[in-house]
Colleague: 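First the structure, which I've put down as structure tokens, then a few questions once you've had a look.
All values reported here derive from a predicted model rather than from experimental measurement. Convention: sequence-line order gives letters A, B, ...; per-chain numbering from 1.
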Number of protein chains: 2
Amino acid sequence: MRVLLIEDDRSLADGIATALRHGGYAVDLAVQGREGVALAHAAQPDVILLDLGLPDIDGIEVLRQLRSGGLTSSVLILTARDDLTSKVRGLDAGADDYLTKPFEVDELLARLRALERRAGLSVSAELTIGDVTINLASHEVTRAGEPVKLSRREFTLLRALAERPGHILSREQLEDKLYSWGEEVSSNTVDVHIHNLRKKIYPEFIQTIRGVGYKLGAK
Amino acid sequence: MRVLLIEDDRSLADGIATALRHGGYAVDLAVQGREGVALAHAAQPDVILLDLGLPDIDGIEVLRQLRSGGLTSSVLILTARDDLTSKVRGLDAGADDYLTKPFEVDELLARLRALERRAGLSVSAELTIGDVTINLASHEVTRAGEPVKLSRREFTLLRALAERPGHILSREQLEDKLYSWGEEVSSNTVDVHIHNLRKKIYPEFIQTIRGVGYKLGAK
DNA sequence: GGGCTAAATTAAGGCAGACTTAAGGTTGGC
DNA sequence: GCCAACCTTAAGTCTGCCTTAATTTAGCCC
């Protein structure tokens with residue numbers, strides 16, 4: 001866990017840094033805004049502790065520069081100002097939390113733990129088979145970078161096949177993916193949708209195993 | 001965005017709830033700890049506002065039950081106690097933030113926005129999708145620099161979609177963002193609001209995935 | 001190669017889901 | 001307490017998709 005502390009008051013900064021190191025954090029220290037922005041990009045910290053009262057640049061401006069530079073670290077603002085507006089401005093400029101000076105080290109540590117907890121990354125689930133990508137969240141499918149427009153049933157079928165590339169799925173299994181209980185179907189729908197999929201992507205993309213079912217890739 | 005408020009002081013609770021609803025949140029209200037735990041599971045709120053001084057169970061205990069029940073909503077503690085220990089205990093028990101009473105509604109709203117941000121919903125106070133910008137704090141929306149006037153419901157819908165650009169949200173999910181428990185709606189309101197949004201912005205801005213839901217750009 | 005079965009192809013009809021519109025109802029501001 | 005804005009309903013229209021089924025093509029075994 002890496003922390004970047006941007007704080008111009010040297011003795012306060014040293015005190016915090018020591019406490020954090022005791023707490024098992026790796027701490028980088030910057031005493032000016034510009035320096036802080038540079039270090040943030042160099043050190044890629046998990047959390048940034050940002051003092052609002054910096055000598056060279058306004059803290060909120062630093063925050064803005066960090067965010068517009070694409071930085072995703074959590075930011076905790078340290079401020080002597082307890083006026084509402086700068087708190088609100090700070091939070092709206094992309095801070096995750098703030099702490100008013102003076103504060104107790106225990107509270108700082110507690111807030112850091114709270115920030116750590118929210119480390120859940122949202123992974124955009126995407127399947128790739130050959131030059132075909134399937135975005136599960138947006139239902140977007142591309143083939144060699146070109147978007148392919150699929151209907152609901154087509155998408156469901158394709159996903160079912162793409163989830164187990166190389167495995168053969170029978171018509172029956174595929175129907176199970178398409179239809180819920182009590183709305184079974186009595187025709188060759190699966191065949192038809194497979195056919196349409198092949199037309200939209202390319203024929204060899206889906207292989208037929210005669211008498212068994214269909215499968216993707218892994219030729 | 002859905003908020004669960006657990007607060008035993010009825011008039012305070014009503015005040016907060018009204019303010020939040022104005023801000024475009026769907027608000028569920030519980031006046032007791034047990035009730036709160038139950039509702040949290042039923043309503044699946046994005047954020048829980050938890051008063052520590054509840055009549056039946058201690059607030060921290062409520063929090064513990066919520067977390068051990070696997071709930072991942074962000075929790076913001078409201079407390080009259082400004083003593084450090086209960087703050088720290090709260091944060092360690094899994095709260096994401098706290099606010100000491102009395103507080104200003106503006107600050108509550110700012111903290112809510114900050115919580116939403118951390119939950120990975122958005123990175124800054126302003127969302128931009130294509131040439132449309134959405135200011136979460138002021139509720140101002142512009143399209144190609146031109147201001148667009150949206151109603152409350154329209155704004156809430158747009159925000160929900162904009163928080164996860166490219167992701168598809170079903171009508172059901174969108175309704176959850178608009179309505180609190182017990183005020184469910186049985187018509188095509190979502191459709192209508194989407195339609196009005198499209199008229200005010202432009203039709204292709206919101207895409208329909210037939211049989212699945214709606215999504216924004218990300219093209 | 002002939003016969004048989006499985007799969008591919010095609011097109012049409014029907015329908016469910018989505019869009020549109022307008023009329024009440026409700027709410028909030030003054 | 002009135003007015004305007006906004007929200008909900010509901011009905012009607014539209015459209016893209018799905019299913020159906022009939023026909024053609026391909027694969028396999030003897």
Side-chain angles (χ1 to χ4, degrees), chain A residues 139 141 148-158 160-161 168-180 182-216, chain B residues 14-15 17-27 105 139 141 147-158 160-161 168-180 182-215:
Chain A
H139 279 213
V141 174
V148 179
K149 214 183 145 213
L150 298 185
S151 76
R152 181 153 66 107
R153 296 263 127 111
E154 287 160 6
F155 183 85
T156 309
L157 269 189
L158 178 61
L161 288 166
I168 302 171
L169 293 178
S170 67
R171 282 182 176 65
E172 209 169 80
Q173 287 174 305
L174 291 172
E175 278 182 13
D176 282 350
K177 302 278 180 188
L178 290 181
Y179 307 102
S180 45
E183 53 160 354
E184 277 82 13
V185 93
S186 61
S187 73
N188 59 343
T189 19
V190 170
D191 296 47
V192 174
H193 289 308
I194 291 284
H195 174 240
N196 292 328
L197 271 173
R198 281 175 169 153
K199 255 202 312 209
K200 290 185 179 180
I201 302 172
Y202 48 87
E204 316 78 48
F205 185 64
I206 302 172
Q207 288 157 279
T208 305
I209 316 308
R210 180 160 247 262
V212 187
Y214 298 99
K215 71 163 184 171
L216 288 198
Chain B
D14 285 343
T18 324
L20 291 177
R21 293 203 175 101
H22 269 265
Y25 295 90
V27 183
V105 170
H139 282 209
V141 174
V148 179
K149 211 183 145 214
L150 297 186
S151 73
R152 182 156 65 96
R153 294 263 125 112
E154 286 160 6
F155 182 85
T156 307
L157 266 189
L158 179 61
L161 288 166
I168 302 171
L169 294 179
S170 66
R171 284 181 174 64
E172 211 168 75
Q173 288 175 304
L174 291 172
E175 278 181 11
D176 282 350
K177 301 282 178 188
L178 290 179
Y179 307 102
S180 4
E183 55 159 354
E184 276 84 12
V185 93
S186 61
S187 73
N188 59 344
T189 19
V190 170
D191 296 46
V192 174
H193 289 307
I194 291 282
H195 174 238
N196 292 330
L197 272 173
R198 280 175 171 153
K199 256 201 311 208
K200 290 185 179 181
I201 302 173
Y202 49 87
E204 315 79 47
F205 185 64
I206 302 171
Q207 287 157 279
T208 306
I209 315 309
R210 185 164 245 261
V212 186
Y214 297 100
K215 71 168 182 175

Colleague: Considering residues at least two apart in sequence or located in another chain, which fulfil the side-chain hydrogen bond (donor to acceptor under 3.5 Å, both in side chains) criterion with B:D176?
Modeller: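 Listed in chain order: nothing, the list is empty.
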
Colleague: Compare side-chain N and O positions of B:R198 against OP1 and OP2 of C:dT20 and report whether any pair is under 4.0 Å apart.
Modeller: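 False: B:R198 side-chain N/O out of range (4.0 Å or more) of C:dT20 OP1/OP2.
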
Colleague: Rounded to whole Å, how long is the line connecting atom NZ of B:K200 with atom C1' of D:dC7?
Modeller: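 Spelled out: NZ on B:K200 to C1' on D:dC7 is 12 Å.
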
Colleague: Rounded off to whole Å, could you give me the CD1-to-P distance for the A:I206 and C:dT9 pair?
Modeller: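 Nearest whole value for this atom pair: 11 Å.
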
Colleague: In Å and rounded to the nearest 0.5 Å, what is the CD1 to CZ distance from B:I194 to B:R171?
Modeller: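 So the gap between those two atoms works out to 8.0 Å.
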
Colleague: Is there a donor-acceptor pair closer than 3.5 Å between any side-chain N or O of B:R210 and the backbone N or O of A:R152?
Modeller: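 Such a contact is absent between B:R210 side chain and A:R152 backbone.
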
Colleague: List the protein contact pattern of nucleotides 19-29 of chain D with one symbol per nucleotide (5' to 3'): B for base contact, S for sugar-phosphate-only contact, - for none; contact means a heavy-atom distance under 4.0 Å.
Modeller: BBBB---BBS-

Colleague: Could you check how far CD of B:Q207 sits from C1' of C:dA18, rounded to whole Å?
Modeller: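 Nearest whole value for this atom pair: 15 Å.
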
Colleague: Between B:I206 and B:L157, is there a side-chain heavy-atom distance shorter than 4.5 Å?
Modeller: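 Answer no - side chains too far apart.
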
Colleague: Just wondering, do A:T156 and A:Y179 contact through their side chains at under 4.5 Å, heavy atoms?
Modeller: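 When only atoms from C-beta onward are counted, A:T156 and A:Y179 do not touch, as no gap falls below 4.5 Å.
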
Colleague: In whole Å, what is the span from the CD atom of A:E175 to the P atom of D:dC18?
Modeller: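 About 14 Å, once rounded to whole Å.
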
Colleague: Counting any heavy atom closer than 4.0 Å, what does A:Y214 reach on the DNA or RNA strands: base, sugar-phosphate only, or nothing?
Modeller: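 Sugar-phosphate: the residue A:Y214, judged by heavy atoms under 4.0 Å, touches backbone atoms but no base.
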
Colleague: Rounded to the Å, how far apart are A:D191 CG and D:dC18 P?
Modeller: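 Rounding to the nearest Å, CG of A:D191 and P of D:dC18 are 15 Å apart.
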
Colleague: Does C:dA6 have OP1 or OP2 sitting under 4.0 Å from an N or O in the side chain of A:T208?
Modeller: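 The answer is no; no side-chain N or O of A:T208 sits under 4.0 Å from OP1 or OP2.
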
Colleague: Any sub-3.5 Å donor-acceptor pair from A:R198's side-chain atoms to A:E204's backbone N or O?
Modeller: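 Judged by distance alone, no pair lies under 3.5 Å.
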
Colleague: Under 4.0 Å between any heavy atoms, over every strand shown, what does B:R171 touch: base, sugar-phosphate, or nothing? Just pick one.
Modeller: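 B:R171: backbone/sugar contact only, no base atoms under 4.0 Å.
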
Colleague: With a 3.5 Å distance limit and no angle check, can you tell me whether A:T208 reaches the backbone of A:Y214 through a side-chain donor-acceptor pair?
Modeller: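 Checking the backbone N and O of A:Y214 against the side chain of A:T208, no donor-acceptor pair under 3.5 Å is found.
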
Colleague: Nearest whole angstrom, please: distance from the C1' of D:dC7 to the NZ of B:K177.
Modeller: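 So the two atoms are 21 Å apart, to the nearest Å.
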
Colleague: Any chance NZ of B:K200 has more than 12 other-residue heavy atoms, nucleotides or ligands included, within less than 6.0 Å?
Modeller: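 Yes, NZ of B:K200 has more than 12 neighbouring heavy atoms, counting only those of other groups under 6.0 Å.
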
Colleague: Answer yes or no: does a side-chain N or O of A:H195 lie under 4.0 Å from OP1 or OP2 of C:dA8?
Modeller: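 Looking at the OP1 and OP2 atoms of C:dA8, neither is under 4.0 Å from any side-chain N or O of A:H195.
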
Colleague: If you define the side chain from C-beta out and look only at heavy atoms, does anything of A:K149 sit under 4.5 Å from A:F155?
Modeller: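 In short, these two side chains do not touch, never coming nearer than 4.5 Å.
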
Colleague: Calculate the interatomic distance between B:I194 atom CD1 and D:dC7 atom C1'; express it in whole Å.
Modeller: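 Going from CD1 in B:I194 over to C1' in D:dC7 covers 15 Å.
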
Colleague: Let me have a per-nucleotide readout for nucleotides 23-30 of chain C, 5' to 3', with B, S or -, counting only protein heavy atoms under 4.0 Å.
Modeller: ------S-

Colleague: Given atom CD1 of B:I209 and atom C1' of D:dC17, what is their separation to the nearest angstrom?
Modeller: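 Going from CD1 in B:I209 over to C1' in D:dC17 covers 14 Å.
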
